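Notes for the one structure printed next.
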Amino acid sequence: MLKKILLLNLILVVITYSKVYIDGVGREISVPEKIERVISTVPSNTEIIIDMGLVDMLVGVDIYSEKLSDKLSGKGILNTDRLNEEKIIELMPDLVITSKHSLSKGKESLKVFDEIGIPVYVIENPKTLKAVENSIDEIGKLLNKKYESEKLKKDYIEKLKNITLDNNFKKKRVYFEILNNPIYTTGNKTFLNDVLEKAGGENIFSDEEGWISPTLEKIIEKNPQIIFVGEDRKEVVNDIKTRKEWKDIDAVKNQKIYFVDEGINRPSTRVLKSLEQIKEVLSND
């Protein structure tokens, strides 16, 4: 019976497919002209879909996306580090929008969906604020919602321009602590680094590349003037304040430790709130 259902689905899919795209891992993906049922497996893409006014198209999301809209309550079926084959097949979406983070087995993770005929499009995660525009374009193209994507992109570009317009204040040495055990932060060539720099800060680890785990001593040596922590990790602030080795760091000594909206963790349209918060701190310090 299952084989008959899958065969029928394949026939229907072949009939309705009309567009072919190359996704973020170089795969050729055939996508139906008409999209009504979408699964998003990462919050950044989910936020863009919501901000385009298309939340009702989402029939399933990752567990972290549920909190992004009341309409997504109960639709969190996926962990962000893997694609839940059973749940996705059960929901039979017209399209799954994912990222490399969800491909726990690389391209092999996509094989079962190719066999069944469920199109899975992998969007490459933006590494700069500018690159978010590409994600908006891609999602608008995939969902055949050009008007909505153009409107959102225009709004995003305008807000980004306004926030970064007057960054002529003196740059402060900035450290962003992502995790505290082990310590985890960002070097250059990452989305977070671009946010810190566009806000007018000077990332103390801009001389290193990617996500890094520096020693306590290295951070003392760099002596940040301001420390930022994501709002979803408030417990990290108390930890920073009580590190005896850090008592002479400028940011700790002067109590310049700030929360930033947890949206800073996601390369999407809503990161502008975090960008604005960081700029406000840096420009008024």
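Keep in mind that this is a model prediction, so the values were computed, not measured. Residue numbers start at 1 and run along the sequence shown.
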Please identify each residue that fulfils side-chain contact (heavy atoms from CB on, under 4.5 Å) with Glu36, with sequence neighbours left out.
-> Lys34, Asp94
Without swapping roles, check the side chain of Ser149 against the backbone of Gly140 for a donor-acceptor pair under 3.5 Å.
-> no
Do Arg243 and Glu177 sit within salt-bridge range, that is, some charged N less than 4.0 Å from a carboxylate O?
-> yes
Not counting sequence neighbours, which residues clear side-chain contact (heavy atoms from CB on, under 4.5 Å) with Val281? List them please.
-> Ile226, Phe228, Tyr258
Given side chains that start at C-beta, do those of Ile49 and Ile97 come closer than 4.5 Å, heavy atoms only?
-> yes
If Ile, Leu, Val, Met, Phe, Trp and Tyr residues are connected whenever their side-chain heavy atoms lie under 4.5 Å apart, and connections chain through other members, are Ile136 and Leu68 in the same group?
-> yes
Residues in side-chain contact (heavy atoms from CB on, under 4.5 Å) with Lys198, at least two apart?
-> Leu129, Thr164, Asp194, Leu275
Do the non-hydrogen side-chain atoms of Ile264 and Ile278 ever get within less than 4.5 Å of each other?
-> yes
Pairing residues for Asn134 by the side chain to side chain donor-acceptor pair (under 3.5 Å) criterion, not counting sequence neighbours | none
Among Asn144, Leu142, Leu143, the one residue meeting side-chain contact (heavy atoms from CB on, under 4.5 Å) with Val31 | Leu142
Do Leu83 and Phe113 come within less than 4.5 Å of each other through their side chains, counting heavy atoms only?
-> yes
May I have the list of side-chain donor-acceptor pairs in residues 218-225 shorter than 3.5 Å, sequence neighbours left out?
residue	atom	partner	partner atom	Å
Lys218	NZ	Glu208	OE2	3.2
Lys222	NZ	Ile204	O	3.3
Lys222	NZ	Asp207	OD1	3.4
Lys222	NZ	Asp207	OD2	3.0
Asn223	OD1	Asp250	N	2.9
Asn223	ND2	Asp250	OD2	3.2
Gln225	OE1	Arg173	N	2.7

Would you check if the side chain of Lys19 reaches a backbone N or O of Ser30 as a donor-acceptor pair within less than 3.5 Å?
-> no
Counterpart residues, side-chain contact (heavy atoms from CB on, under 4.5 Å), relative to Lys273 (two or more places apart) | Asp261, Gln277
Contacts of Lys87 that satisfy side chain to side chain donor-acceptor pair (under 3.5 Å) - sequence neighbours left out = none
Which pairs pass salt bridge (charged side-chain N to carboxylate O under 4.0 Å, His left out) with one or both residues in residues 39-53, sequence neighbours excluded?
-> Glu47-Arg266, Asp51-Arg270
Check ion pair Lys67-Glu262 (N to O, under 4.0 angstrom) | yes
Is there a path from Ile257 to Tyr184 through hydrophobic residues (I, L, V, M, F, W, Y) whose side chains come within less than 4.5 Å of each other?
-> no
Result of checking Thr46, Thr98, Asn45 against Ser40 for side chain to side chain donor-acceptor pair (under 3.5 Å) | Thr46
In chain order, what residues pass the side chain to side chain donor-acceptor pair (under 3.5 Å) check against Lys141, with sequence neighbours excluded?
-> none
Residues Ser73 and Asp70: side-chain donor-acceptor under 3.5 angstrom | no
Backbone of Val61 reached by a side-chain donor or acceptor of Ser65 within 3.5 Å = no
Distance-only criterion, 3.5 Å: show the donor-acceptor pairs between side-chain atoms of residues 120-128 and protein atoms not counting sequence neighbours.
residue	atom	partner	partner atom	Å
Tyr121	OH	Ile22	O	3.3
Tyr121	OH	Glu138	OE2	2.5
Asn125	ND2	His101	NE2	2.7
Thr128	OG1	Ala131	N	3.0

Would Val174 end up clustered with Val252 when hydrophobic side chains under 4.5 Å apart are linked, directly or stepwise?
-> no
What pairs with Ser135 under side chain to side chain donor-acceptor pair (under 3.5 Å), at least two apart in sequence or on another chain?
-> none
Cluster question for you: counting only ILVMFWY and a side-chain heavy-atom cut-off of under 4.5 Å, with indirect links fine, are Leu91 and Tyr64 together?
-> no
Which pair of heavy atoms, one from Ile77 and one from Ile63, lies closest together, and at what distance?
-> N-CG2, 4.5 Å
Any pair counted as salt bridge (charged side-chain N to carboxylate O under 4.0 Å, His left out), so long as it reaches residues 143-154, sequence neighbours left out | Asp137-Lys153
